[in-house]
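In what follows, a single structure is set out as structure tokens and then discussed.
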Amino acid sequence: RLKSIGAGLILASSKTAAEIAELRTALQMQQWPAIVENGAGLLPANSNTVQDNSQYKKLRNTINSFNTGFRQHFTGFGDMTDTEVADITGLSLHGATLARQRAFSEPGLWNGNSGGKAAFTDQLKEHGISVQQGGRFMTLSYGDNKADKLRQLTTQYQPQKTIALGDAPNDIDMLQAADVGVVVYNPDTTPLPALAGEQEGRIIRTKDSGPTGWNATMLHLLSTYH
């Protein structure tokens with residue numbers, strides 16, 4: 001339906017460009033860019049890779065320069081093998097290989113105490129590195145999130161309307177930055193709190209979870225907007 005009306009589909013994920021490229025190709029939507037690594041970067045249209053990974057190298061060099069008291073308690077994907085990433089994420093070995101092909105951000109595990117984590121986060125901020133805490137991983141990057149990239153692409157493409165869909169806390173800014181935000185029901189996580197714009201109908205929630213909720217809500221919205 002999106003293809004039939006010439007609408008763009010921008011995938012937005014914590015996944016790397018290498019991971020997203022395979023999904024985008026399967027959808028035959030290569031003509032649109034994708035938001036990767038939680039908004040830290042973009043995969044260009046009609047490209048399967050991000051050529052410049054200098055941000056990731058700089059980030060890794062910075063955290064490796066920290067004193068061992070902090071550094072030893074953070075284990076990033078760059079510190080792990082493909083097999084180790086597969087074990088802790090549940091990805092296939094091929095998927096783990098793609099997940100480690102990073103260009104913008106570093107997810108990892110903190111195995112120290114909360115006080116040390118706070119001090120580690122403060123030191124990261126002094127170097128311009130932000131931290132997004134997910135359900136399990138803390139992800140380090142130099143700034144932009146999914147909402148920033150949504151605004152950038154909206155300026156570039158000038159669509160008549162933007163619709164953003166997500167189900168996680170790190171989707172909230174993106175949902176609120178779109179003309180319409182759709183909270184996709186996820187029975188496996190704590191529901192997102194009430195969001196600004198929800199009472200006015202600018203933020204809506206699906207009844208069904210996952211692809212079923214996504215599909216039904218998008219078809220309804222497209223019908224509403226003719």
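Numbering starts at 1 and runs along the sequence shown.
Smallest separation of non-hydrogen atoms from I20 and V36: CG1-CG1, 4.0 Å. When all heavy atoms of W32 and G6 are compared, the pair lying nearest together is CZ2-O, 4.3 Å. Here the closest non-hydrogen pair linking P193 and I172 is CD-CD1, 4.5 Å. Here the closest heavy-atom approach between residue V184 and residue D167 is recorded as O-CB, 3.2 Å. Of all the heavy atoms in A96 and A86, the pair that sits closest is CB-N, 3.6 Å. The two atoms that bring D144 and K149 nearest to each other are OD2-NZ, 2.9 Å, heavy atoms only.
Remark: the backbone N or O of D173 is not paired with any side-chain donor or acceptor of Q176 at under 3.5 angstrom. Remark: side-chain polar atoms of T97 are paired, donor with acceptor, to backbone N or O of L93 under 3.5 angstrom. When atom types are taken as modelled, the side chain of T217 and the backbone of W214 share no donor-acceptor pair closer than 3.5 angstrom. Remark: side-chain polar atoms of Q31 are not paired, donor with acceptor, to backbone N or O of N46 under 3.5 angstrom. Between the side chain of R100 and the backbone N or O of F77, at least one donor-acceptor pair lies under 3.5 Å. Between the side chain of Q28 and the main chain of T25, no donor-acceptor pair closer than 3.5 Å is present. K146 places no side-chain N or O within 3.5 Å of a backbone atom of G39 that could act as its donor or acceptor partner. A donor-acceptor pair under 3.5 Å is formed between the side chain of N64 and the backbone N or O of R60. In this structure a side-chain-to-backbone donor-acceptor pair under 3.5 Å is missing from E37 to T16. The closest donor-acceptor contact from the side chain of S223 to the backbone of L219 lies at 3.5 Å or more, if one exists at all.
Atom OG1 of T89 sits about 9.0 Å away from atom CE of M80, to the nearest 0.5 Å. One finds the CG atom of N67 at 9.0 Å from the CD atom of Q72 (value rounded to the nearest 0.5 Å). Atom CZ of R71 is separated from atom OG of S65 by 9.5 Å, given to the nearest 0.5 angstrom. For the atom pair CD of E126 and OG1 of T121, the computed distance is 11.5 Å after rounding to the nearest 0.5 Å. The CD atom of Q160 sits 9.0 Å away from the CD1 atom of I5 when rounded to the nearest 0.5 Å. One finds the OG atom of S105 at 9.0 Å from the CD atom of Q55 (value rounded to the nearest 0.5 Å).
With a 4.5 Å cut-off on side-chain heavy atoms, L23 and E19 do not count as touching. At least one side-chain heavy atom of L175 sits less than 4.5 Å from a side-chain heavy atom of V183. With contacts defined as side-chain heavy-atom distances shorter than 4.5 Å, the pair Q152/L42 qualifies. At least one side-chain heavy atom of L221 sits less than 4.5 Å from a side-chain heavy atom of I204. Residues R205 and V182 fail the side-chain proximity criterion, which asks for heavy atoms closer than 4.5 Å. When side chains are defined from C-beta on, P33 counts as touching L153, because their heavy atoms get closer than 4.5 Å. Between N53 and K57 the shortest side-chain heavy-atom distance falls below 4.5 Å. Contact check for P107 versus R102: side-chain heavy atoms found under the 4.5 Å cut-off.
Using a 4.5 Å cut-off between side-chain heavy atoms of Ile, Leu, Val, Met, Phe, Trp and Tyr, with links allowed through other members, L165 and L150 fall into different hydrophobic clusters. No chain of hydrophobic side-chain contacts below 4.5 Å, direct or via other Ile, Leu, Val, Met, Phe, Trp or Tyr residues, connects L109 to L91. Residues L192 and M174 fall into different hydrophobic clusters, defined by Ile, Leu, Val, Met, Phe, Trp and Tyr side chains chained together at heavy-atom separations under 4.5 Å.
Of the N and O atoms on the side chains of S4 and R1, at least one donor lies less than 3.5 Å from an acceptor on the other residue. Residues T49 and Q51 bring a donor and an acceptor atom of their side chains to less than 3.5 Å of each other. Side-chain contact of T206 with D208: a donor-acceptor pair under 3.5 Å is absent, judged by distance alone.
In the hydrophobic clustering (ILVMFWY side chains linked at under 4.5 Å, chained through shared members), F120 is joined by L59, I63, F66, F70, F74, W110, L124, I129, V131, M138, L140, Y142.
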Pair N38, N170 - check side-chain hydrogen bond (donor to acceptor under 3.5 Å, both in side chains), show working. CA-CA 8 Å; N38 265 329; N170 61 9; 3.1 Å; yes
Apply side-chain hydrogen bond (donor to acceptor under 3.5 Å, both in side chains) to N186 and S209, showing your working. CA-CA 5 Å; N186 186 342; S209 64; over 6 Å; no
Would E84 and I88 count as a side-chain contact (heavy atoms from CB on, under 4.5 Å) here? Give the steps. CA-CA 6 Å; E84 288 171 331; I88 66 171; 5.8 Å; no
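Enclosure of atom NZ in K125 is not indicated, since only 12 or fewer non-hydrogen atoms of other residues, nucleotides or ligands lie within 6.0 angstrom.
Judged as a ring pair (Phe, Tyr, Trp, His ring centres under 6.0 Å), and not counting sequence neighbours, Y225 has no contacts.
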